[in-house]
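Scroll down for the structure; my scribbles are underneath it.
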Amino acid sequence: MTNWRDIEQQLKKAQVVLEPSARLIPDSRQVTKGDIFIATKGFDQDGASYINKALELGAVAILVSDACDEHLYSKFNNVVLVTDLEKKIAHIAKEFYIKDQSVSMPVIAVTGTNGKTSISHLLAQLSQICLQQESAVIGTIGTGSINDLQPSSNTTPGVTEIYRLISEFLVKNYGSLTMEVSSHALEQGRIEGLDLDVAIFTNLTLDHLDYHGTMEAYFEAKAKLFNEYQPKCAVINVDDKYGRRLADMVANQTRVIAYGQSDNVKAYSDYVYIRGFECHTHGLSIDIEWQVIGAKEECFLQLPIYGEFNCLNLAAVFATALTLNWPIVAGHFSQLKPVPGRLELFVKPNLPVAVVDYAHTPDALEQSLLAVRKHLSGELYVIFGCGGERDVSKRPIMGQLAQKHADHVIITNDNPRTENEDKIITDIEAGMTGSNYQIIKSRKEAIELALQNATASDAILIAGKGHETYQVIGTESIAYNERDYVEKLMATLTNHGGMI
Ligand SMILES: CC(=O)N[C@H]1[C@@H](OP(=O)(O)OP(=O)(O)OC[C@H]2O[C@@H](n3ccc(=O)[nH]c3=O)[C@H](O)[C@@H]2O)O[C@H](CO)[C@@H](O)[C@@H]1O[C@H](C)C(=O)N[C@@H](C)C(=O)N[C@H](CCC(=O)O)C(=O)O
Ligand SMILES: Nc1ncnc2c1ncn2[C@@H]1O[C@H](COP(=O)(O)OP(=O)(O)OP(=O)(O)O)[C@@H](O)[C@H]1O
Ligand SMILES: N[C@H](CCC[C@H](N)C(=O)O)C(=O)O
């Protein structure tokens with residue numbers, strides 16, 4: 001049995017009635033009445049051990065993989081056994097959800113260690129501005145319209161959820177979909193079967209070695225987006241050495257648009273080149289030259305967005321809009337807004353500027369510290385931590401970079417999860433010298449202290465949580481919205497942090 005039609009026939013024979021609202025659900029905890037539960041063999045667990053739970057919650061049928069333990073599924077009715085279900089599920093989900101496969105929308109996939117959310121949200125904003133049409137996103141902050149994001153638990157959801165979301169976006173008539181594609185997703189085939197109009201590569205720096213083992217394996221996972229999926233167009237940051245390797249290995253039928261600010265860029269026939277840029281208190285000015293299909297042009301963009309790295313993100317957005325034939329003009333870019341929790345500024349007269357950012361990798365932390373320095377004068381405070389149950393090799397490097405680029409460092413908690421929080425902090429300290437830093441495990445206290453100690457001309461970078469709305473301690477997720485907290489705290493403070 002290889003396709004949905006065969007499965008449907010078998011379910012009909014078994015007199016299973018499927019409602020139009022039925023969904024394919026691989027996680028028993030998400031099953032609701034009328035759904036079909038997908039039981040596969042996972043990394044840690046056998047999905048078939050949750051069949052009972054799924055039936056209790058109202059599943060009307062079960063698709064089970066032959067990789068699952070037979071004892072776990074043989075006793076149930078309405079079970080359809082599918083050989084190699086793990087490999088076939090993408091195809092089955094596509095047929096199940098996309099009934100009319102002639103209807104489609106441009107799909108843009110963004111991969112890389114940092115910048116995926118920023119680029120996808122900026123593209124969705126630009127679509128609204130220049131096409132007056134809503135676009136969908138799938139990524140870390142959520143899914144759907146950026147004006148009404150629905151929560152997502154992974155950066156890239158599982159393949160059944162992806163096709164369910166796409167069917168919903170087609171009904172809503174969104175102009176395009178930009179999805180963040182993590183290296184885990186590429187390794188696990190979560191976007192299998194998708195036809196990609198554009199694939200964007202941002203950069204590759206240290207992260208996720210707990211999962212991939214080596215940078216080379218991490219790169220190979222990212223490269224799948226370009227060599228296995230063969231997008232129509234590849235928009236690649238060729239300032240990055242891994243980007244240059246990718247640009248050399250894409251298939252002939254994929255058009256490469258190189259972007260960046262180094263001399264490498266103009267070696268490609270299609271490119272978006274950042275000739276220069278300026279960082280000022282109101283944002284960025286970027287001088288761009290581009291050549292796409294022969295014609296060479298230039299323009300000057302002004303944006304109320306911070307960060308040198310956002311020049312690169314903007315170049316990727318620009319190149320993508322060009323290849324999709326969006327009618328962009330320079331003025332559209334000045335209407336873009338910062339992405340929530342990405343170098344997001346909180347400003348109040350007579351108080352230091354607070355910048356909430358999602359930097360949680362060494363490169364992102366360094367880039368965001370350098371970025372804040374370039375836009376703002378005064379002393380720079382940084383408050384950051386490292387996640388528990390995540391790549392430990394980044395901890396001392398982040399400690400070292402914080403000390404190198406900031407004037408004042410406060411180490412705090414960032415989702416210690418089930419790890420010992422003191423051990424995480426000791427790992428960070430291993431990269432630091434001297435004792436001119438503070439440890440304040442409570443993020444709230446750390447932020448309040450920095451706001452009280454800093455002067456009105458200083459800046460405080462609060463890194464690691466960005467848009468997150470929780471702090472995970474042990475297995476408990478405690479509500480904590482850093483953006484709200486900072487805004488409310490600043491409202492209660494007068495100059496130099498004195499409480500009202
Ligand atoms: C290690 C890993 O990547 N696991 C992913 C994998 O899970 P799996 O199928 O191996 O799951 P499993 O735990 O062995 O369970 C087997 C089956 O039992 C089911 N189950 C399990 C428990 C239960 O109560 N009921 C139930 O039905 C599971 O849904 C699964 O179908 O496939 C699932 C569906 O695609 C993913 O949701 C899941 O991501 C887990 C939750 C995860 O945390 N992954 C992280 C590492 C991740 O993917 N991160 C990247 C981005 C990181 C970044 O760039 O910052 C991401 O894309 O989010
Ligand atoms: N092009 C870039 N290069 C380096 N750092 C960047 C870049 N863009 C954003 N950053 C930094 O990385 C952080 C995360 O950015 P963003 O959320 O856009 O990346 P992401 O790839 O979606 O990350 P994640 O997969 O972890 O969600 C930002 O808060 C910022 O500090
Ligand atoms: N999606 C990333 C984000 C981590 C953000 C940081 N706040 C942390 O918890 O480490 C991850 O799960 O590794």
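Position 1 is the first residue of the sequence; numbering continues from there. Both ligands and their constituent atoms are indexed starting at 1 by order of listing.
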Q: Please report the C-alpha distance between Ser285 and Gln302 in whole Å, then the side-chain angles of each, then the deciding distance to 0.1 Å, and finally whether the side chain to side chain donor-acceptor pair (under 3.5 Å) criterion is met.
A: CA-CA 4 Å; Ser285 308; Gln302 291 204 290; 3.2 Å; yes

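Side-chain atoms of Thr32 and Arg23 form a donor-acceptor pair, as typed in the model, at a separation below 3.5 Å. No hydrogens or angles considered: nothing links the side chains of Asp240 and Asn237 as a donor-acceptor pair under 3.5 Å. A donor and an acceptor atom, one from each side chain of Tyr218 and Thr113, are located under 3.5 Å apart.
Ion pairing between a basic and an acidic side chain is recognised when a charged N comes within 4.0 Å of a carboxylate O; Lys41 and Glu86 show no such pairing. Salt-bridge annotation for Arg483 and Glu487: absent, with no side-chain N of the basic residue lying under 4.0 Å from a carboxylate O of the acidic one. Salt bridge status for Asp239 with Arg244: absent, with no side-chain N to carboxylate O gap under 4.0 Å. The pair Asp357-Arg342 does not meet the salt-bridge criterion, since no charged nitrogen lies less than 4.0 angstrom from a carboxylate oxygen.
Which of Phe37, Tyr358, Tyr50 comes nearest to atom 21 (C) of ligand 1 through a heavy atom is settled by distance: it is Tyr50. Heavy-atom proximity to atom 45 (C) of ligand 1, evaluated over Asn154, Thr40, Ile51, Thr156, is greatest for Asn154. Of the listed options Val181, Asn114, Thr140, Asn114 places a heavy atom closest to atom 6 (C) of ligand 2. Ranked by closest heavy atom to atom 57 (O) of ligand 1, the top entry among Gly189, Ser49, Ser182, Ser183 is Ser182. One option in Ser153, Gly42, Pro26 has a heavy atom closer to atom 19 (C) of ligand 1 than any other, and that option is Pro26.
The N/O atoms of Glu180, backbone and side chain alike, include one that comes under 3.5 Å of an N/O atom in ligand 2. Some N or O of Gly115 is nearer than 3.5 Å to an N or O of ligand 2, by distance alone. Of the polar atoms of Thr155, at least one N or O is found under 3.5 Å from an N or O of ligand 1, judged by distance alone. Polar contact check, Thr155 against ligand 2: no nitrogen or oxygen pair lies under 3.5 Å apart.
Across every non-hydrogen atom of Ala354 and Met490, the tightest pair is CB-SD, 3.9 Å.
Only the side chain of Gln188 comes within 4.0 Å of ligand 1, judged by heavy-atom distances. Residue contacts with ligand 2 for Ser368 involve side-chain atoms from C-beta outward but no N, CA, C or O (heavy atoms, distance under 4.0 Å). Heavy atoms of Gln367 found under 4.0 angstrom from ligand 2 belong exclusively to the side chain. At a heavy-atom cutoff of 4.0 Å, ligand 1 is contacted by the side chain of Arg190 but not by its backbone. Under 4.0 Å from ligand 2, the heavy atoms of Thr113 that appear belong solely to its backbone. Under 4.0 Å from ligand 2, the heavy atoms of Asn203 that appear belong solely to its side chain. Heavy atoms from both the backbone and the side chain of Phe43 come within less than 4.0 Å of ligand 1.
Within 4.0 Å of ligand 3, heavy atoms belong to protein residues Tyr358, His360, Gly387, Arg390, Asp414, Asn415, Arg417, Gly464, Glu468.
Ligand 1 lies nowhere less than 4.0 angstrom from a heavy atom belonging to His360. Within the 4.0 Å heavy-atom shell around ligand 2 one does not find Leu312. Under a 4.0 Å heavy-atom criterion, His121 is not in contact with ligand 2.
Closest to atom 34 (C) of ligand 1 among all protein heavy atoms lies Gly158 CA, 4.1 Å. Nearest protein neighbour of atom 50 (C) of ligand 1, counting heavy atoms only, is His184 ND1, 3.4 Å. Protein heavy atom in closest approach to atom 18 (O) of ligand 1: Gly47 CA, 3.5 Å. Counting protein heavy atoms only, atom 15 (O) of ligand 1 is closest to Gln45 CB, 3.7 Å. Of the protein's non-hydrogen atoms, the one nearest atom 22 (C) of ligand 1 is Arg29 NH2, 3.2 Å.
The Asp44 neighbourhood of ligand 1 comprises atoms 14 (O), with distances under 4.0 Å to a heavy atom of that residue. Ligand-side atoms of ligand 1 in range of His208: 52 (C), 53 (C), 54 (O), 55 (O), range being under 4.0 angstrom from any heavy atom. Under a 4.0 Å criterion applied to the non-hydrogen atoms of Asn313, ligand 2 contributes the atoms 1 (N), 2 (C), 7 (C), 8 (N), 9 (C). The ligand atoms of ligand 1 that sit less than 4.0 angstrom from a heavy atom of Ser28 are 23 (C), 24 (O), 25 (N), 26 (C), 27 (O).
Using a 4.5 Å cut-off on side-chain heavy atoms (C-beta onward), Ile108 and Leu196 make no contact.
Protein heavy atoms come within 4.0 Å of atom 26 (C) of ligand 1.
Aromatic rings from Tyr273 and Trp290 are positioned such that their centres are separated by 6.0 Å or more. Note: Phe219 and Tyr242 meet the aromatic proximity criterion, with ring centroids under 6.0 Å apart. Checked against the 6.0 Å centroid threshold, His184 and His212 count as a close aromatic pair.
Just one of Glu389, Glu421, Arg390, Glu468 meets the side-chain hydrogen bond (donor to acceptor under 3.5 Å, both in side chains) condition when paired with Asn415; it is Glu468.
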